[in-house]
Amino acid sequence: MNNNKQNINPRITLVGAGPGDAELITIKGIKALQTADVVLYDALVNDELLDLAPAHSIKVYVGKRSGDQTHSQASINQLMVDYAFNYGHVVRLKGGDPFVFGRGFEEIEFAAQHNIQAQVVPGISSSIGVPELQQIPVTHRGLSESFWVVTGTTASGKISSDLIDASKSKATVVVLMGIHKLAEITQLFKAEGKNSLPAAVIQSGTTVNEKIAVGTVDTIVAAVAEKNISSPALIVFGEVVSLHPEFKQIKAFYDTVA
């Protein structure tokens, strides 16, 4: 507890840390970290970024991984406010972008309810940045005019109903938090007759642990199992995946059996 409360100016900055590579954070995000009194950071945040905060600052892990709900959103909200009142500038460091399945707006609202000044520093969303660094554009002339970003699993643990609509679209579909439902998700695309639609699954994108499996709707589940890919991972469905270098071999196979 800080005993010099009369000099404290409580404020909160939500900073998007990007998809994993520490160098993908913005300059504005770095400046926020450099003035932090407290950093509340998520599971997918690169630890290197914590070194940007002052040595005296308090670093608190509040990550939530699949199956681990140690830190509920309500408890994170309260911690964020309590630290702001007691220490000053709290940087809420979040993987990707705070407003892309990051529950950032809930945190901004909670800060406002307690009359605490808050701002957001956008980050590179994994939904765009991770495929891009694997040479998979989410849009490309002649292949895809738009893209969907959909959560694979809802709070109830079920497949998102939006995925049903997405599977009918010609757009690129990027699925976050869906790796454990991959077999079920591919069934949606198969039901639309898209068995040969290119697909990719990328684990730990932009980090040293990055792995990728490339295939089609029919083969991607087996490809993921073969490469032992697991969470955290995102899924990309769409013709744009055919631009990935590994897909050339798959295309050659289909051309020979056609």
Side-chain angles (χ1 to χ4, degrees), residues 18-21 24 44 95-97 100-101 124-153 159-160 162-258:
D21 183 342
L24 293 177
L44 299 181
D97 180 89
V100 181
F101 298 114
I124 297 174
S125 171
S126 62
S127 61
I128 299 173
V130 168
E132 180 177 334
L133 291 175
Q134 277 288 345
Q135 300 181 45
I136 300 173
V138 291
T139 62
H140 185 70
R141 182 176 296 183
L143 293 181
S144 176
E145 297 177 356
S146 60
F147 65 97
W148 293 60
V149 181
V150 189
T151 179
T153 309
I159 288 180
S160 169
D162 284 349
L163 267 171
I164 298 173
D165 293 330
S167 67
K168 301 176 187 296
S169 170
K170 293 181 180 179
T172 303
V173 180
V174 181
V175 185
L176 305 181
M177 298 169 287
I179 184 65
H180 298 300
K181 299 280 187 180
L182 180 60
E184 295 176 57
I185 293 170
T186 57
Q187 289 300 322
L188 299 177
F189 288 86
K190 289 178 183 179
E192 298 299 322
K194 296 182 178 181
N195 300 61
S196 60
L197 183 71
V201 177
I202 308 167
Q203 174 187 320
S204 302
T206 80
T207 74
V208 295
N209 298 316
E210 183 174 68
K211 292 195 289 187
I212 184 170
V214 178
T216 65
V217 167
D218 267 346
T219 65
I220 194 63
V221 172
V224 164
E226 180 182 350
K227 294 199 174 183
N228 196 29
I229 288 177
S230 60
S231 180
L234 60 76
I235 311 162
V236 186
F237 294 100
E239 295 297 340
V240 292
V241 177
S242 67
L243 300 174
H244 190 274
E246 287 187 23
F247 196 82
K248 293 177 181 178
Q249 299 175 8
I250 297 169
K251 185 177 184 301
F253 171 78
Y254 275 100
D255 287 345
T256 58
V257 298

| Spatial distance of atom CD (Q187) from atom CG (L163) [nearest 0.5 Å] | 13.5 Å

| Is there a side-chain contact between V149 and L176 (heavy atoms, below 4.5 Å)? | yes

| remark: Rounded to the nearest 0.5 Å, the OG1 atom of T216 sits from the NZ atom of K194 at a distance of 13.5 Å

| Flag side-chain contact, heavy atom, 4.5 Å: E239 against L197 | yes

| Rounded to the nearest 0.5 Å, how far does CD1 of I235 lie from CD1 of I179? | 5.5 Å

| said: Taking K227's backbone N and O only, do any of them form a donor-acceptor pair with K211's side chain (distance below 3.5 Å, no angle check)? | reply: yes

| field | Gap separating the CD1 atom of I202 from the NE2 atom of H244, nearest 0.5 angstrom | value | 7.0 Å

| Atom NZ of K170 with >12 non-hydrogen neighbours under 6.0 angstrom | no

| Do T206 side-chain atoms and D21 backbone N/O form a donor-acceptor pair below 3.5 Å? | yes

| query | Nearest heavy-atom pair of S169 and A171: which atoms, and what distance? | reply | OG-N, 2.9 Å

| message | Ignoring hydrogens, what is the shortest heavy-atom contact between V175 and G178? Give both atom names and the distance. | response | CG1-CA, 4.2 Å

| request: Kindly compute the distance separating CG (N209) from CD (Q203), expressed to the nearest 0.5 Å. | output: 7.5 Å

| note | To the nearest 0.5 Å, atom CD of E192 lies from atom CD1 of I164 at 9.5 Å

| query | Does L234 reach the side chain of P131, with side-chain heavy atoms less than 4.5 Å apart? | reply | yes

| field | Exercise: identify the closest heavy-atom pair between F247 and V241 | value | CB-O, 3.8 Å

| Test log, rule side chain to side chain contact (heavy atoms under 4.5 Å, CB included), inputs V240 and V138 | CA-CA 7 Å; V240 292; V138 291; 5.8 Å; no

| task | Heavy atoms only: give me the nearest T207-G20 pair and the separation to one decimal. | result | CG2-CA, 3.9 Å

| message | Quick one, V174 and V130 - any side-chain contact, counting heavy atoms below 4.5 Å? | response | no

| said: Let's go through S126 and L44 carefully: what are the C-alpha distance in whole Å and the side-chain angles of both, what is the deciding distance for side chain to side chain contact (heavy atoms under 4.5 Å, CB included) to 0.1 Å, and is it a yes or a no? | reply: CA-CA 11 Å; S126 62; L44 299 181; over 6 Å; no

| message | Could you go through L24 and L133, starting from their C-alpha distance and side-chain angles, then the distance that decides it, and tell me whether this counts as side chain to side chain contact (heavy atoms under 4.5 Å, CB included)? | response | CA-CA 11 Å; L24 293 177; L133 291 175; 4.1 Å; yes

| request: Please report the C-alpha distance between T186 and F237 in whole Å, then the side-chain angles of each, then the deciding distance to 0.1 Å, and finally whether the side chain to side chain contact (heavy atoms under 4.5 Å, CB included) criterion is met. | output: CA-CA 9 Å; T186 57; F237 294 100; 4.2 Å; yes

| field | Shortest non-hydrogen contact between Q135 and P245, atoms and distance | value | OE1-CG, 4.0 Å

| note | On a heavy-atom basis, the closest approach of A213 and I220 is O-CD1, 3.5 Å

| Heavy-atom side-chain contact between T153 and H180 under 4.5 Å | no

